[in-house]
Amino acid sequence: MRFKKRILAMVLSCLTILNVFTVPVMAAEPVASETEEIMVASVPSDATYAGTIYRNGGTVSLGRVTLTNNSKLYVYLPKNNNLDLYQGTITFRSGLNVVTKQLANYSTDTWIYTANDIGSGTWTVTVSGYAVGTTQKCEVWYRVGN
């Protein structure tokens with residue numbers, strides 16, 4: 001009786017192993033044009049390219065930005081299908097006033113800053129940090145609007 005149970009257990013084990021290794025696995029990879037469309041969709045056409053930050057770190061200048069009551073600064077860090085991730089800071093300087101905010105595109109790729117957040121006036125804006133992820137680079141785009 002024990003001998004039959006052992007043989008049955010071995011046969012079932014062999015069938016399980018055979019089933020695991022014979023099931024075909026297929027992965028669907030996006031077509032290049034689909035990936036480009038995803039990246040382009042996250043950055044509006046009127047945004048300005050500021051530069052690229054790489055894994056070794058870097059700083060990109062957005063220039064001088066004027067924030068008043070209704071104006072907003074939009075900063076875009078496209079994730080490129082979660083391949084281009086970024087972590088760092090955005091710094092606003094106006095004379096002796098310096099405002100620094102944390103910035104990362106793990107959960108969102110669009111950041112909005114207003115005069116209520118930073119203060120009214122003309123600011124020199126820089127984005128500093130490190131890119132992580134597969135491509136180890138992240139593009140920085142921005143626009144000022146309402």
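Heads up: numbering here begins at 1 and tracks the sequence.
At a threshold of 4.0 Å, the pair K79-D109 does not count as salt-bridged, since none of the basic side-chain nitrogens sits closer than that to a carboxylate oxygen.
Looking only at distances, no side-chain donor or acceptor of N80 sits under 3.5 Å from a matching main-chain atom of E139. Between the side chain of T89 and the backbone N or O of T100 there is no donor-acceptor pair closer than 3.5 Å. Using a distance-only test at 3.5 Å, with no hydrogens or angles considered, a donor-acceptor pair links the side chain of W111 to the main chain of A104. Side-chain N or O atoms of Y86 include none that pairs as donor or acceptor with a backbone N or O of Y54 at under 3.5 Å.
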* **Pair T91-T59, side-chain contact (heavy atoms from CB on, under 4.5 Å): steps then yes or no** => CA-CA 10 Å; T91 305; T59 300; over 6 Å; no
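When each of V65, N97, L73, V98 is checked for a side-chain contact (heavy atoms from CB on, under 4.5 Å) with F92, only L73 meets the rule. Among W141, Y49, Y142, the one residue that satisfies the side-chain contact (heavy atoms from CB on, under 4.5 Å) test with V43 is W141.
In this structure, the separation between CD1 on I118 and NZ on K72 is 13.5 Å, given to the nearest 0.5 Å. In this structure, the separation between CZ on R55 and OH on Y130 is 12.0 Å, given to the nearest 0.5 Å. Atoms OG1 and CG, from T114 and N146 in turn, are 11.5 Å apart once rounded to the nearest 0.5 Å. D46 CG to R143 CZ: the interatomic distance, rounded to the nearest 0.5 Å, is 5.0 Å.
There is a path of hydrophobic side-chain contacts, each under 4.5 Å, that joins V125 to V60. Linking Ile, Leu, Val, Met, Phe, Trp and Tyr residues whenever their side-chain heavy atoms come within less than 4.5 Å places V99 and V127 in a single cluster. No chain of hydrophobic side-chain contacts below 4.5 Å, direct or via other Ile, Leu, Val, Met, Phe, Trp or Tyr residues, connects I90 to I112. No single ILVMFWY cluster, assembled from side-chain heavy atoms under 4.5 Å apart, contains both V132 and L77. Residues L83 and V140 are members of separate hydrophobic clusters, defined by side-chain heavy-atom contacts under 4.5 angstrom among Ile, Leu, Val, Met, Phe, Trp and Tyr.
Atom OH of Y74 is surrounded by more than 12 heavy atoms from other residues, nucleotides or ligands within 6.0 Å.
Residues P78 and D84 have side chains not in contact (no heavy-atom distance under 4.5 Å, counting atoms from C-beta outward). Counting heavy atoms from C-beta on, the side chains of L85 and N105 come closer than 4.5 Å.
Nearest approach of C138 to A131, heavy atoms of both residues: N-CB, 3.9 Å.
Side-chain polar atoms of T66 and T122 form a donor-acceptor pair below 3.5 angstrom.
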